[in-house]
Amino acid sequence: MDLPTLIAQWSGKLPEGFVPPAILRPAPPPCSQRRCRQSCAIKKNGEYAKSCSLCLSRRAESCRRRRAALTAEGGCRRCAYRKRLDSDFLCERCREDRDVERAQKRQDALDAAVIDEFAAQPEKVHRASNLDRGISPWNARRRTEPTAAYWSPLPDLEPREDREWARSISDSGWRYSRS
């Protein structure tokens with residue numbers, strides 16, 4: 001990196017002889033209103049609007065006047081087009097929309113309170129349990145209980161008297177006899 005650019009970055013000033021690159025933006029389209037010849041306004045997101053700023057403000061004012069006139073004739077204060085309910089300033093549709101919005105706001109507030117309460121709890125060391133692995137008292141297998149067969153010896157498959165292979169042919173057992 002060259003020294004003048006480095007100094008410019010530190011000081012926040014452009015170096016001498018710096019020419020900013022030209023912004024090549026196409027010419028804005030003309031206003032879509034019939035008798036207007038101005039160029040279109042630019043929206044907040046950078047796109048071009050359909051009309052110029054003067055026409056947009058004129059149409060907005062016209063819309064405000066029309067809504068005020070409709071509301072004065074007994075129209076809903078929210079949408080201005082449908083008739084109000086008796087003893088209310090909203091039409092039936094807007095009243096339902098408002099109730100839905102209020103219920104959603106209430107639910108959001110409850111959810112936020114639960115989250116805040118959880119976040120305010122002190123952090124604990126996690127103690128591992130069977131619940132981490134998805135095992136609970138309701139879906140766990142029963143422990144195997146040892147039966148009587150577990151403790152009792154297995155029965156002999158052939159009786160001891162018939163086991164000739166266990167006795168020596170030459171040994172008569174004379175060592176164990178008392179005489």
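Side-chain atoms are counted along with the backbone in the values below, which use heavy atoms only and exclude waters and symmetry mates. The first residue in the sequence is number 1, and the count goes up from there.
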Roughly how far apart are [X] [atom1] and [Y] [atom2], rounded to 0.5 Å?
{"X": "T71", "Y": "R66", "atom1": "OG1", "atom2": "CZ", "result": "11.0 Å"}
{"X": "L110", "Y": "I115", "atom1": "CG", "atom2": "CD1", "result": "11.0 Å"}
{"X": "E92", "Y": "D97", "atom1": "CD", "atom2": "CG", "result": "11.0 Å"}
{"X": "L54", "Y": "C36", "atom1": "CG", "atom2": "SG", "result": "7.0 Å"}
{"X": "L56", "Y": "C31", "atom1": "CG", "atom2": "SG", "result": "7.5 Å"}
{"X": "L85", "Y": "R95", "atom1": "CG", "atom2": "CZ", "result": "6.5 Å"}

Are more than 12 heavy atoms from other residues, nucleotides or ligands located less than 6.0 Å from atom [atom1] of [X]?
{"X": "D86", "atom1": "CG", "value": "no"}
{"X": "E158", "atom1": "CD", "value": "yes"}
{"X": "R98", "atom1": "CZ", "value": "yes"}

**Item:** Qualifying residues under side-chain contact (heavy atoms from CB on, under 4.5 Å), relative to P146, sequence neighbours excluded
**Value:** Y150, W151
**Asked** Excluding sequence neighbours, so at least two apart, what forms side-chain contact (heavy atoms from CB on, under 4.5 Å) with C79?
**Response**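 C79 satisfies side-chain contact (heavy atoms from CB on, under 4.5 Å) with C76, R82, C91, C94 only.
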**Fill in**
Here the salt bridge (Lys or Arg N to Asp or Glu O under 4.0 Å) pairs for residues 50-62, sequence neighbours left out, are E61-R64
**Request:** Run the numbers on L70 and E73 for side chain to side chain contact (heavy atoms under 4.5 Å, CB included), then give the verdict.
**Result:** CA-CA 5 Å; L70 288 171; E73 291 172 8; 4.2 Å; yes
**Message:** Quick one, R84 with R77, criterion side chain to side chain contact (heavy atoms under 4.5 Å, CB included). Give me CA distance, side-chain angles, the key distance, then yes/no.
**Reply:** CA-CA 8 Å; R84 287 186 278 202; R77 279 212 207 147; 4.3 Å; yes
**Asked** Can you name the nearest heavy-atom pair linking Y48 to P26, along with the distance?
**Response**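 Looking at all heavy atoms of both residues, the closest pair is OH-O, 3.5 Å.
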